[in-house]
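Remember, predicted model here, so these are calculated numbers, not experimental data. The basis for the numbers below is simple: all heavy atoms, side chains too, and nothing from hydrogens, waters or symmetry mates.
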Amino acid sequence: MPCFRCGARQTDPVRGASPWKRGVRADRQVLICPGCQSVHGTADDLDRCAACGSARLVCRLGEVECRDCGHTREAVPADLVHSGAPPGPPAASGDGDLSAEVAAALNRVLRRGPAT
């Protein structure tokens, strides 16, 4: 999953905790790269807890949970969500089509011809 702001893809981390952070935007789990975390106002783009106002939310199994106060609520289905924010930038790879990237990588590894 790429960073929701810049489209950078997470690579295999070195030992220890990952510098990437999680957040929730429009009731969907997103990742935030270390570079975007240092930008002022990154948390302004994230959803906030209705109970305490914290941006430390996680989305799992159809629920959004606040990591600060423990408040949980049901996530709104993606087709009903409208955050009012413009869509994020395309992935850094160009067209942002992950399935095409995976197919090309498999073809290289398995020494097959180009995908059609």
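Ile32 has its side chain within reach of Leu46: a pair of non-hydrogen atoms, C-beta onward, lies under 4.5 Å apart.
Screening residues 48-58 for salt bridge (Lys or Arg N to Asp or Glu O under 4.0 Å), with sequence neighbours left out, gives Arg56-Asp68.
The two atoms that bring Ala51 and His71 nearest to each other are CB-CD2, 3.6 Å, heavy atoms only. Nearest heavy-atom pair, Cys66 versus Leu57, reported as atom, atom and distance to 0.1 Å: CA-CD2, 3.5 Å. Of all heavy-atom pairs between Val24 and Cys59, the closest is CG2-N, 3.7 Å.
Taking Ile, Leu, Val, Met, Phe, Trp and Tyr as members and joining any whose side-chain heavy atoms lie under 4.5 Å apart, directly or through other members, the hydrophobic cluster of Trp20 also contains Met1, Leu31.
Listed by chain and residue number, nothing satisfies the side chain to side chain donor-acceptor pair (under 3.5 Å) test with Glu63 (two or more places apart in sequence, or in another chain). Residues satisfying the side chain to side chain donor-acceptor pair (under 3.5 Å) test with Arg67, not counting sequence neighbours, are none. Among residues two or more places apart in sequence or in another chain, the side chain to side chain donor-acceptor pair (under 3.5 Å) test is passed with Thr72 by none.
Between the side chain of Gln29 and the main chain of Arg60, no donor-acceptor pair closer than 3.5 Å is present. Between the side chain of Asp27 and the main chain of Ala75, no donor-acceptor pair closer than 3.5 Å is present.
Looking at Pro2, Pro19, Ser18 one by one, the single match for side-chain contact (heavy atoms from CB on, under 4.5 Å) with Gln10 turns out to be Ser18.
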